Amino acid sequence: TVGCVVVDKEGRCAAATSTGGLMNKMTGRIGDSPLIGAGTYACDLCGVSCTGEGEAIIRSTLARDVAAVMEYNGLNLHEAVDFVIKNRLDEGKAGLIAVSKNGEVACGFNTTGMFRGCATEDGFMEVGIW
Amino acid sequence: MGPWAIAVHGGAGVDPNLPKERQEEAKRLLTRCLDIGIVALRSNVTAIDVVELVVKELETDPLFNSGRGSALTENGTVEMEASIMDGPKRRCGAVSGLTTVKNPVSLARLVMDKSPHSFLAFSGAEEFARKQGVELVDNEYFITEDNVGMLKLAKEANSILFDYRIPTIGTCGAGATMDSPLQMNGLPISVYAPE
C-alpha cells in the first residue's frame with residue numbers, strides 16, 4: 001500500500017491511498033484503502049492515509065477517527081494520531097500518515113516498521129523505515 | 001493562510017530482516033516522491049493535485065505494493081484499489097478490483113470529478129475507465145518476478161504473505177498469541193500480515 005497526504009498554502013488538506021492488497025488474497029477482496037473513512041480521509045481539519053491489516057483499519061474507521069478526535073476532543077494532530085494508534089486497533093497492526101490544516105505532519109504505527117517520508121515548508125524533511 | 005506540509009508512505013509491516021540495499025532503495029523512492037510533491041507545492045499546485053501526482057509516481061515504481069508491483073491474488077493476478085479525498089468540501093472518489101488501469105488513483109480522481117458516485121468497482125470501474133480514456137495495460141504489466149516468487153512461498157506455506165516474508169505463527173506480533181476463532185482463507189485471522 002502507498003499513500004500521500006498534503007496541506008497546501010491555502011490550508012486545504014487532501015489524502016490519497018493505492019494498493020494491490022494482500023499477497024495470496026481471495027479474488028474480489030476489498031481492503032481498507034478504497035474505503036473512505038477507513039484507509040483514506042480528508043476534511044477541513046486534516047488529511048489521513050492508512051496502511052496495514054485492512055480488516056483492523058476498516059473495523060476501527062481509523063482515518064476518520066483521527067479527524068473525529070481532533071474535532072470532538074480538541075486533540076492536536078500528534079495527540080490524535082497517537083490516540084487512535086494506541087486505542088482503536090485492538091490486536092490489529094497498522095500505520096498512518098497525517099497532516100493538519102496548520103501545516104503539521106505526523107505519522108504513527110504499531111508494526112515493526114513503516115516506509116515513510118515527510119517534509120514541511122520550514123525546511124524539515126525526514127525519510128524513515130523503523 | 002499557512003505553511004504547506006506533505007507526508008508519503010510505502011506500507012507498514014516491514015520485515016525486520018529487510019536487506020540494507022532494499023532499505024536504501026525504499027528511502028530513495030520516498031525521497032524522490034517527496035521532492036516531486038515539494039516542487040509542486042512551491043509552485044502553488046493544490047493539495048488534491050499533489051496527492052494524485054505523488055501516488056501516481058508510487059504506483060508506477062514497482063518497489064511498493066501498488067500499481068506495478070502489486071501483491072498477487074490467490075490466482076496469481078493483480079486486483080488494485082485506490083481512493084482520494086479533498087478536504088475542503090469532503091469530495092471523494094474510490095475504485096476497487098481494477099485489473100487493467102495503469103494508475104488506479106487517477107481513476108479514483110475521475111470518479112470524484114466526473115461521476116455522480118463515490119465508489120466504482122470491478123467491471124463497472126473498468127467500463128468507466130474505458131469511457132474516460134485513461135491508460136489501460138495488460139494485467140501482466142503489474143506482475144513482477146519478485147511477487148510471483150512470494151506468491152509461491154505464500155501458497156507453499158498456505159498463508160497470506162507479509163510484504164517481505166512468510167509469517168510463522170510466532171512472528172505475527174500481538175495477533176499471533178490471539179487464538180481468535182476468526183478465519184480468513186482457511187487461516188486464523190492472526191496470520192494476516194500488515195500489507
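Reminder, nothing fancy here: chain letters follow the sequence lines and each chain counts from 1. Not measured: the values here are computed from a predicted model. Values reported hereafter were calculated over all heavy atoms of this structure, with side chains retained and with hydrogens, waters and symmetry mates removed.
When the candidates Leu29(B), Thr31(B), Val51(B), Leu30(B) are compared by the number of heavy-atom contacts under 4.5 Å with chain A, Val51(B) comes out ahead. Interface summary for chain B: among Gly11(A), Gly3(A), Cys50(A), the most heavy-atom pairs under 4.5 angstrom belong to Gly3(A). The most heavy-atom pairs under 4.5 Å with chain B, out of Gly95(A), Cys13(A), Ala119(A), come from Ala119(A). Interface check for chain B: of the options Met125(A), Lys9(A), Met114(A), the most heavy-atom pairs under 4.5 Å are formed by Lys9(A). With respect to chain B, the highest number of heavy-atom pairs below 4.5 Å among Ala106(A), Ala14(A), Ser49(A), Ala42(A) belongs to Ala42(A). Interface check for chain A: of the options Leu72(B), Val55(B), Thr77(B), Leu58(B), the most heavy-atom pairs under 4.5 Å are formed by Leu72(B). Contact tally against chain A (heavy-atom pairs below 4.5 Å) for Asn75(B), Val8(B), Thr73(B): the top residue is Val8(B). Heavy-atom pairs under 4.5 Å with chain A were tallied for Ala7(B), Ala108(B), Ser70(B); the largest tally goes to Ala7(B). Contact tally against chain A (heavy-atom pairs below 4.5 Å) for Ile38(B), Val105(B), Leu41(B): the top residue is Leu41(B). Interface summary for chain B: among Gly103(A), Gly39(A), Cys43(A), the most heavy-atom pairs under 4.5 angstrom belong to Cys43(A). Options Val99(A), Leu45(A), Thr17(A) differ in how many heavy-atom pairs under 4.5 Å they form with chain B, and the most are formed by Thr17(A).
Of the possible polar contacts, none joining the Gln132(B) side chain to the Leu110(B) backbone as a donor-acceptor pair under 3.5 Å is found. The main-chain N or O of Gly11(B) is found under 3.5 Å from a side-chain atom of His9(B) such that the two form a donor-acceptor pair. With hydrogens and angles ignored, the 3.5 Å screen pairs no side-chain donor or acceptor of Glu135(B) with any backbone N or O of Asn103(B). Not a single donor-acceptor pair under 3.5 Å links the side chain of Glu79(B) to the backbone N or O of Ser96(B). Between the Asn110(A) side chain and the Ala94(A) main chain, a donor and an acceptor come within less than 3.5 Å of each other. Using modelled atom types, no side-chain atom of Asp86(B) and backbone atom of Arg90(B) make a donor-acceptor pair closer than 3.5 Å. Judged purely by atom type and a 3.5 angstrom limit, Asn147(B) uses its side chain to pair as donor or acceptor with the backbone of Gly69(B).
Atom CD of Glu21(B) has more than 12 neighbouring heavy atoms from other residues, nucleotides or ligands inside a 6.0 Å radius.
Neither the backbone nor the side chain of Arg109(B) comes within contact range of chain A; no heavy atoms are under 4.5 Å apart. Heavy atoms closer than 4.5 Å to chain B are found in both the backbone and the side chain of Tyr41(A). Of the atoms belonging to Ile48(B), heavy atoms from both backbone and side chain fall under 4.5 Å from chain A. Using a 4.5 Å cut-off between heavy atoms, Ile36(A) contacts chain B through its side chain alone, with no backbone atom that close. Only the side chain of Val54(B) comes within contact range of chain A, judged by heavy atoms closer than 4.5 Å. In this structure, no portion of Asp49(B) lies under 4.5 Å from any heavy atom of chain A.
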### Task
Kindly indicate, with the supporting measurements, whether the criterion salt bridge (charged side-chain N to carboxylate O under 4.0 Å, His left out) is fulfilled by Arg22(B) and Asp146(B).
CA-CA 13 Å; Arg22(B) 287 292 294 256; Asp146(B) 272 5; 3.6 Å; yes
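Checked by atom type, the side-chain pair Glu74(B)/Asn24(A) shows no donor-acceptor distance below 3.5 Å.
The cationic group of Arg68(B) lies under 6.0 Å from the six-membered ring centre of Tyr141(B) and within 45° of the ring axis, placing it in a cation-pi geometry.
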